Amino acid sequence: MNLKKEQNYMRGALREAIAAFDEDEVPVGAVIVYKDKIIAKAHNQVEMLRDPTAHAEILAITQAAAFLKSKWLHDCTMYVTVEPCAMCAGALVLSRIKRVVFGACDPKTGAFGSKLDITKLKLNHKVKVNPGVLKEDSVQLLKEFFKLKRKPK
C-alpha cells in the first residue's frame, strides 16, 4: 500500500486517539480497513467502562468482526496509534488479521518488537507489521496527555 494511503488511515486512528484524550483516556485510537474502507474505529475506553480490556484494538476488532459477520479478519489491516500490548497482539493473532500498522513504539508494553515480539513466536498465524507511520503525531499526543496528568493540581 502506498504511504499516502497509509497516512490517511492513520489519521483516522489519530482522530480516535484525540477522542480518547478528550475523554481523559490514554490517547490510543484504532481503525480497521477492509477493501479500502474503514469498517471499525475505536479508542481506549478503559476508564469510562471500568474495564482493563477496553483497549482501542479490542473494541475495533469486535466492531470489525460484527461488520464482517465473521470471527476472522483475514483481509483487514488495523491502523493504531501506539504499538499493541500483549493482550491486544494476542487478540490480533486470534482474529487472523492480515496487517497491523502502528505509529509510536511502546517500550513498556509493546508486543510487536518493543518489549516482546509476538511475530517471533511459533503461532498458527503471522501478522505483518509496519511500525512508525505518523509516529511523531502519536508520540506528541501521548506526551501531552501524560504531561497534563503529572501536572500538580
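Keep in mind that what you see is a predicted model, and the values were worked out from it rather than measured.
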request  = Locate the shortest heavy-atom distance separating K41 from V31; write the atom from each residue and the value.
outcome  = CB-CG1, 3.7 Å
query = Between A20 and P27, which heavy-atom pair has the shortest distance, and what is it?
reply = CB-CA, 3.9 Å
message = Would you compute the distance between atom CE of M10 and atom CG of N130 and round it to the nearest 0.5 angstrom?
response = 8.0 Å
inquiry  = Starting from L121, can I reach L94 by hopping between I/L/V/M/F/W/Y residues whose side chains sit under 4.5 Å apart?
reply    = no
task = Would you kindly confirm whether V80 and I118 end up in one hydrophobic cluster when ILVMFWY residues are joined by side chain heavy atoms under 4.5 Å apart?
result = yes
Nearest-0.5 Å distance, SG of residue C76 to CZ of residue F67 = 9.0 Å
Verdict with reasoning, D106 to F112, per side-chain contact (heavy atoms from CB on, under 4.5 Å) = CA-CA 9 Å; D106 184 348; F112 282 105; over 6 Å; no
ask   = With no hydrogens and no angle check, is any side-chain donor or acceptor of E25 less than 3.5 Å from a backbone partner on M48?
value = yes
Closest non-hydrogen atom pair, L73 against A65 = CD2-N, 3.9 Å
request  = To the nearest 0.5 angstrom, please state how far the CG atom of L148 sits from the NZ atom of K143.
outcome  = 14.0 Å
ask   = If we ignore angles and hydrogens, is there a donor and acceptor under 3.5 Å between the side chains of D51 and Q45?
value = no
task = Looking only at non-hydrogen atoms, find the nearest pair between A111 and A89 and report the distance.
result = CB-CB, 3.7 Å
task = Check the pair E83 / K108 against salt bridge (Lys or Arg N to Asp or Glu O under 4.0 Å), numbers first and verdict last.
result = CA-CA 10 Å; E83 179 182 4; K108 290 183 180 176; over 6 Å; no
query = Taking the six-membered ring for Trp, are F145 and F21 parallel (under 30°), tilted (30 to 60°) or perpendicular (over 60°)?
reply = perpendicular
ask   = Do the charged groups of R11 and E16 touch, with an N to O distance under 4.0 Å?
value = no
inquiry  = Please check this pair: side chain of H125 against backbone of I97, looking for a donor-acceptor N/O pair closer than 3.5 Å.
reply    = yes
query = Is L142 reachable from F102 through a run of hydrophobic residues whose side-chain heavy atoms are each under 4.5 Å from the next?
reply = yes
inquiry  = Please report the interatomic distance CG(N44) to OG1(T81), rounded to the nearest 0.5 Å.
reply    = 8.0 Å
message = Could you go through Q63 and I32, starting from their C-alpha distance and side-chain angles, then the distance that decides it, and tell me whether this counts as side-chain contact (heavy atoms from CB on, under 4.5 Å)?
response = CA-CA 9 Å; Q63 285 179 28; I32 296 180; over 6 Å; no
message = The test is side-chain contact (heavy atoms from CB on, under 4.5 Å); show your working for K35 and K37 and say whether it passes.
response = CA-CA 6 Å; K35 294 185 177 178; K37 180 183 173 203; 5.6 Å; no
query = Is there a chain of hydrophobic side chains (I, L, V, M, F, W, Y, each step under 4.5 Å between heavy atoms) that links L3 to Y9?
reply = no
ask   = In this structure, are over 12 heavy atoms from other groups packed under 6.0 Å from K126 atom NZ?
value = yes
task = Tell me whether L14 is reachable from V100 by hopping between hydrophobic residues (I, L, V, M, F, W, Y) whose side-chain heavy atoms are closer than 4.5 Å.
result = no
message = So, taking the atom named CG in L92 and the one named OG1 in T119, what distance separates them when rounded to the nearest 0.5 Å?
response = 12.5 Å
ask   = Side chain of R15, backbone of A13: donor and acceptor closer than 3.5 Å?
value = no
ask   = How many angstroms lie between atom CG of N8 and atom CG of D36, to the nearest 0.5 angstrom?
value = 10.5 Å
request  = Could you please spell out the steps behind the side-chain contact (heavy atoms from CB on, under 4.5 Å) verdict for K149 and D24?
outcome  = CA-CA 9 Å; K149 284 288 177 197; D24 204 27; 2.9 Å; yes
